[in-house]
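Heavy-atom basis, side chains included; hydrogens, waters and symmetry copies ignored.
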Amino acid sequence: MVKYFCCAGLLKSTWDQVCIAFWQRYPNPYSNHVLTEDIIFREVTPTNCLKSRRLLTKTSRGPRWMERYLPKHMASSAYIIEDSIVDPQKRTMTTLTWNISHARLMSVEERCEYQINRDNGSWTEIKREAWISTNIYGLSRAVQEFGLARFKTSVTKTMKGFEYVLSKMQGETPSRTLTETATERARGTALAAKEKAKDLASQAQKKQYV
Amino acid sequence: MNSVGEACTDLKRDYDQCFNRWFADKFLKGDRSGDPCTETFREYQRCVQKAIREKDIPVDGVEFMGPNKDKPES
């Protein structure tokens, strides 16, 4: 049994910039779980497309009930492969990402297509599909639910990471530095809201005296 | 970003720098004048492939874009 998921994303940057950012995604404030990144294969095809294979090591974060099914010797980090084809003629990029460790327990495959947005030529749309499954009898529902929930969180981080890298590339001050954490950000947002409310209140008061 | 082979991180960074420049300035602009990064790539690969073997990372025999053949959309 395979759980299928599909969504679309939009990045307000050109396809070229998104492809450039794709190779510079790591590290970013949302990728603390990514430990290593390596290109382990790359070639330009006769039709001038770029094929690449990237190997990633990520921290393996699973709930305790899942860890019972992991052999004791299994690495605490997970290995993921990401294959990609960039076609500069058609202005498309296709990626396929899947885990090569822990795959019996849970297999997550993600396929993405990056294209120029149909409505706005300066934007990039991302079609994302995922297939989540397990080979361990009796765990299907639990693994798929867990896998899907984590995948959705992952997608949010991916998009935020992209936006961060893209805004840095475009010379804007990104909304986070590498040392900030999610908690700090939440705290900052709450504080900013309080300050803004205070500000608005004091502005309202001032108007009374004008 | 670190390489999976601790000794390869510097080689990786050198290669990444070269690649990123070539990718943005030449490849995406349709310039097929050749890849200036072949030498740095070769050195980096020599190091990282060795690290992959030593760590027993199961990358062999995995077909390019392999797993996505005949996927159901249920």
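For A:E82, no part lies under 4.5 angstrom from a heavy atom of chain B. With a 4.5 angstrom heavy-atom cutoff, B:Y15 touches chain A only via side-chain atoms. Only the side chain of B:V48 has a heavy atom closer than 4.5 Å to any heavy atom of chain A. With a threshold of 4.5 angstrom between heavy atoms, A:V34 approaches chain B through its backbone and through its side chain. If you measure heavy-atom distances from A:S133 to chain B, you find no contacts under 4.5 Å at all. When heavy atoms are compared at a cutoff of 4.5 Å, A:C6 does not approach chain B at all. Of the two parts of A:F41, the backbone and the side chain both hold a non-hydrogen atom closer than 4.5 Å to a non-hydrogen atom of chain B. When heavy atoms are compared at a cutoff of 4.5 Å, A:R42 approaches chain B by way of both its backbone and its side chain.
Under 4.0 Å is where a charged nitrogen must lie from a carboxylate oxygen, and between B:D16 and B:K12 at least one such pair does. Between A:R128 and A:E113, no side-chain nitrogen of the basic residue sits less than 4.0 Å from a carboxylate oxygen of the acidic one, so the salt-bridge criterion is not met. Ion pairing between a basic and an acidic side chain is recognised when a charged N comes within 4.0 Å of a carboxylate O; A:K160 and A:E163 show no such pairing.
Chosen from A:V86, A:T97, A:T94, the residue pairing most often with chain B at heavy-atom distances under 4.5 Å is A:V86. Ranked by heavy-atom pairs under 4.5 Å with chain B, the first of A:I40, A:I20, A:L35 is A:I40. Between chain B and the residues A:I81, A:T57, A:L50, the largest count of heavy-atom pairs under 4.5 Å involves A:L50.
Below 30°, between 30° and 60°, or above 60°: for A:F5 and A:F151 the angle between ring planes is above 60°, a perpendicular geometry.
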Subject >> side chain to side chain donor-acceptor pair (under 3.5 Å) between B:S33 and B:D31, worked out >> reply: CA-CA 6 Å; B:S33 62; B:D31 185 332; 2.7 Å; yes

**OP:** Determine, stepwise, if the pair A:S84 / A:T95 fulfils side chain to side chain donor-acceptor pair (under 3.5 Å).
**Re:** CA-CA 4 Å; A:S84 60; A:T95 71; over 6 Å; no

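B:W22 does not carry B:R32 over the face of its six-membered ring by the limits of under 6.0 Å from the centre and within 45° of the normal.
In this structure, B:F19 has its ring center closer than 6.0 angstrom to the ring center of A:W23.
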